[in-house]
Amino acid sequence: RKWWHSFFQKSFLSIPDGRMESFYWIQLYKMGTSSRPDAPAVDLFGPYFRISQWGGHWWNLNVQLTYWLVYPANHLELGENLITTIDENFDALLRKAVNATFTGVHWGLKLSDFTWLMHNYWLQYSYDGDWQSLREKWVPKAIKIADAYHEILVKGENGKLHIPPMASPEYIAKDGNRLYKNNSYSLALIRWLLNSLIEVGDKTGTEIPRMETWKYILDNLVDFPVDENGLMIGSDQSVDQSHRHYSHLLALYPLFQLNPDSPADSLLVDSSVDHWHKIDDGKNLSGYSFTGAASLYAALGRGDDALPNIQRFLTGDIGWIGRFMPNTFYAETHGKSPCFESPMSAASAIAELLLQSWGGKIRVFPAMPSSWEQASFHQMRGQGGFLVSASRDNSKTSWVQVKSLRGEPCIVKIPHWEQAVQVSGGRRIQITPLGNNEFSIDLNAGEQVLLSPGDSKINAIIKPVSHPATEQNLFGVKKGGNLEEEMVWPEFCPVTGLEY
């Protein structure tokens with residue numbers, strides 16, 4: 001209890017939906033009890049053991065989603081073990097990924113999966129604003145991965161660089177094919193990797209090895225394949241059947257190689273997400289299909305579309321294979337295969353309704369559902385090493401506080417604010433309006449500023465949103481509310497048939 005009271009106060013949020021708020025805090029508790037700096041990276045269970053076919057780490061989504069919550073929740077210490085796991089096993093993992101890249105085996109670490117894993121590595125230090133560690137630790141690894149891509153790129157007749165057939169996680173074509181040319185998944189990851197190398201070089205003022213090569217690849221890489229339904233799996237494969245993975249949509253979220261602020265990119269992803277969920281009436285969607293859609297819609301600023309996807313997850317309306325348990329765990333195959341990552345990604349999607357930080361901007365209440373008139377958060381973390389607090393009342397943002405831990409350039413976007421006025425004491429901070437509800441704030445390391453949309457006095461107090469009794473303590477099996485079936489099974493592996 002003493003640990004929890006100290007732990008949870010590193011950040012705070014409160015929202016009108018009591019079920020969702022309670023769920024968020026339970027996920028933070030689960031992550032806090034499952035991850036510590038001196039332990040291995042969290043697998044699909046943490047310490048919550050259950051016999052399952054999914055023992056171990058899975059690299060094409062599960063590990064990535066598991067850690068997303070720790071960054072905005074201001075618990076970077078929970079992500080340290082993933083960094084250590086990668087540092088200690090990088091060369092072996094890269095060899096495994098390269099060797100498996102062109103196989104049709106459905107499971108296993110591929111080159112693009114490993115690149116996505118390195119995005120979490122980048123997020124850890126980006127949220128810390130630690131560009132030096134990115135330069136010293138991430139860049140050498142990123143260059144090795146970029147070299148691996150460079151070796152397999154093929155120049156086409158049009159002079160464009162093409163990707164040979166590679167996997168797109170969990171998509172199996174109707175004819176059984178599992179490898180696709182110029183697949184959107186790999187294209188997005190290559191673009192992110194090389195653009196991030198350039199960004200780290202610019203931020204640290206250092207020369208990145210073979211920078212001209214990386215810029216040449218970016219300038220000549222083939223465009224994302226698109227058809228009338230939006231982004232394709234690959235240039236030789238449309239999204240023509242229901243599938244649960246949003247691998248073809250990573251260019252928008254979480255990589256932001258497509259820009260939600262761009263009308264053209266926004267329209268493309270909008271149609272892509274809608275098609276992904278509607279095709280075949282979504283018959284093969286599962287848990288993280290809904291949490292992923294929530295994050296994609298949140299990135300587009302569409303809170304009213306993100307909200308029902310989170311609510312569907314929390315009410316268990318998540319497809320035939322998935323099961324949302326009373327203890328907030330998620331399981332597949334009728335409760336027999338617990339998975340840790342989907343609830344964690346649902347919690348990170350909730351956080352993204354209140355705070356996002358991509359494209360060099362801190363975005364306050366970027367995707368608030370229109371029905372949410374109140375919300376507040378305290379010391380949530382943004383990329384660049386910023387701690388942000390804010391309060392919303394009567395559907396308007398009352399005040400925002402930003403603290404800079406690193407002295408990074410600070411641009412804040414606050415919907416509906418035409419001006420941002422410093423109401424805190426101390427040094428008068430230079431605040432420059434940039435238009436479009438954006439403000440440049442000149443903060444030194446260790447400084448903070450309290451802002452209001454006008455010069456009137458404000459009451460900058462974080463208060464929890466009150467919830468009716470019917471929305472309190474919703475989770476856990478209640479008296480008389482037992483599970484409808486016994487979810488136990490023999491202690492042998494359903495894949496191998498061997499006893500544990």
Side-chain angles (χ1 to χ4, degrees), residues 7-15 17 20-21 23-32 34-35 42 63-80 82-83 119-130 252-256 260 291-292 294-301 303 306-307 310 341-368 372 375-392 397 400-406 408 410-414 448 462:
F7 174 85
F8 90 85
Q9 293 184 61
K10 289 192 70 174
S11 64
F12 178 83
L13 67 74
S14 185
I15 53 180
D17 189 312
M20 203 173 289
E21 181 180 314
F23 169 84
Y24 173 88
W25 287 112
I26 294 173
Q27 303 329 296
L28 196 58
Y29 172 82
K30 283 158 61 180
M31 192 64 188
S34 299
S35 183
V42 180
V63 173
Q64 290 89 333
L65 270 61
T66 292
Y67 281 87
W68 283 349
L69 176 61
V70 309
Y71 312 124
N74 193 25
H75 283 282
L76 296 185
E77 75 280 3
L78 301 182
E80 291 177 12
L82 181 59
I83 300 297
H119 179 252
N120 282 64
Y121 198 110
W122 182 87
L123 287 174
Q124 176 81 18
Y125 290 114
S126 179
Y127 272 85
D128 195 18
D130 187 355
L252 180 96
Y253 177 89
L255 303 179
F256 295 102
T291 66
S295 289
L296 284 156
Y297 283 129
L300 293 168
L307 182 62
I310 302 172
E341 82 293 318
S342 292
M344 293 301 139
S345 65
S348 63
I350 293 170
E352 288 157 359
L353 302 177
L354 279 65
L355 183 70
Q356 297 176 29
S357 55
W358 47 267
K361 299 173 186 177
I362 300 168
R363 300 159 192 267
V364 180
F365 296 125
M368 290 297 287
W372 285 10
S376 62
F377 62 89
H378 179 58
Q379 289 198 151
M380 291 182 68
R381 185 179 280 262
Q383 292 183 33
F386 296 100
L387 298 182
V388 187
S389 306
S391 182
R392 179 180 175 90
T397 302
V400 174
Q401 180 176 276
V402 181
K403 180 176 182 178
S404 174
L405 302 178
R406 296 279 189 172
E408 286 287 304
C410 178
I411 297 177
V412 179
K413 184 178 180 67
I414 310 170
Q448 65 183 25
I462 295 288

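- Under the 3.5 Å distance criterion, the side-chain polar atoms of Gln356 are matched with a main-chain donor or acceptor of Ala298.
- Closest non-hydrogen pair, Gly382 versus Ser357, comes out as CA-OG, 3.5 Å.
- Side-chain atoms of Ser126 never come within 3.5 Å of backbone atoms of Trp122 as a donor-acceptor pair (strictly under, hydrogens ignored).
- Two residues are said to be in side-chain contact when any heavy atoms from C-beta on lie closer than 4.5 Å; Leu123 and Gln383 meet this criterion.
- When side chains are defined from C-beta on, Arg381 counts as touching Leu387, because their heavy atoms get closer than 4.5 Å.
- Heavy-atom minimum distance, Phe377 versus Ile462: O-CD1, 3.3 Å.
- Residues Tyr121 and Ile83 have side chains in contact (heavy-atom distance under 4.5 Å, counting atoms from C-beta outward).
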With side-chain contact (heavy atoms from CB on, under 4.5 Å) as the test, would you mind laying out the steps for Leu78 and Tyr67 before giving the verdict? CA-CA 8 Å; Leu78 301 182; Tyr67 281 87; 5.7 Å; no
Where do Val402 and Val364 land on the side-chain contact (heavy atoms from CB on, under 4.5 Å) test, with the steps shown first? CA-CA 10 Å; Val402 181; Val364 180; over 6 Å; no
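- Asn74 is not listed as a side-chain neighbour of Met380, based on a closest heavy-atom distance of 4.5 Å or more.
- The side-chain heavy atoms of Thr66 and Met31, taken from C-beta on, include a pair separated by under 4.5 Å.
- Checked against the 6.0 Å centroid criterion, the rings of Phe365 and Trp372 do not qualify as a close aromatic pair.
- In this structure, the side chains of Tyr297 and Leu353 stay at 4.5 Å or more apart for every pair of heavy atoms.
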Give the intermediate values and the outcome of side-chain contact (heavy atoms from CB on, under 4.5 Å) for residues Met20 and Leu307. CA-CA 10 Å; Met20 203 173 289; Leu307 182 62; 3.4 Å; yes
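- Residues Ile15 and Ala375 come closest through the heavy atom pair CG2-CB, 4.4 Å.
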Might you work through the side-chain contact (heavy atoms from CB on, under 4.5 Å) test for Val412 and Cys410, ending with a clear yes or no? CA-CA 6 Å; Val412 179; Cys410 178; 3.7 Å; yes
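- Counting only distance, with no hydrogens or angles, the side chain of Glu21 and the backbone of Ser14 share no donor-acceptor pair below 3.5 Å.
- Under a 3.5 Å cut-off, the side chain of Ser389 and the backbone N or O of Gln379 do form a donor-acceptor pair.
- The local environment of NZ in Lys10 is crowded, with over 12 non-hydrogen atoms from other residues, nucleotides or ligands closer than 6.0 Å.
- Across every non-hydrogen atom of Val400 and Ala390, the tightest pair is CG2-CB, 4.0 Å.
- At least one donor-acceptor pair closer than 3.5 Å links the side chain of Asn120 to the backbone N or O of Gln64.
- When all heavy atoms of Tyr24 and Ala351 are compared, the closest pair comes out as CE1-CB, 4.4 Å.
- The closest donor-acceptor contact from the side chain of Ser345 to the backbone of Ser342 lies under 3.5 Å.
- Put simply, the side chain of Ser11 gets close to the backbone of Ala73: a donor and an acceptor are under 3.5 Å apart.
- Side-chain contact between Met344 and Val42 is absent, with no heavy-atom pair separated by less than 4.5 Å.
- Side-chain atoms of Gln124 come within 3.5 Å of backbone atoms of Leu76 as a donor-acceptor pair (strictly under, hydrogens ignored).
- The minimum heavy-atom distance between Ala299 and Pro260, with the atom names listed, is O-CB, 3.3 Å.
- Using a 4.5 Å cut-off on side-chain heavy atoms (C-beta onward), Glu352 and Trp358 make no contact.
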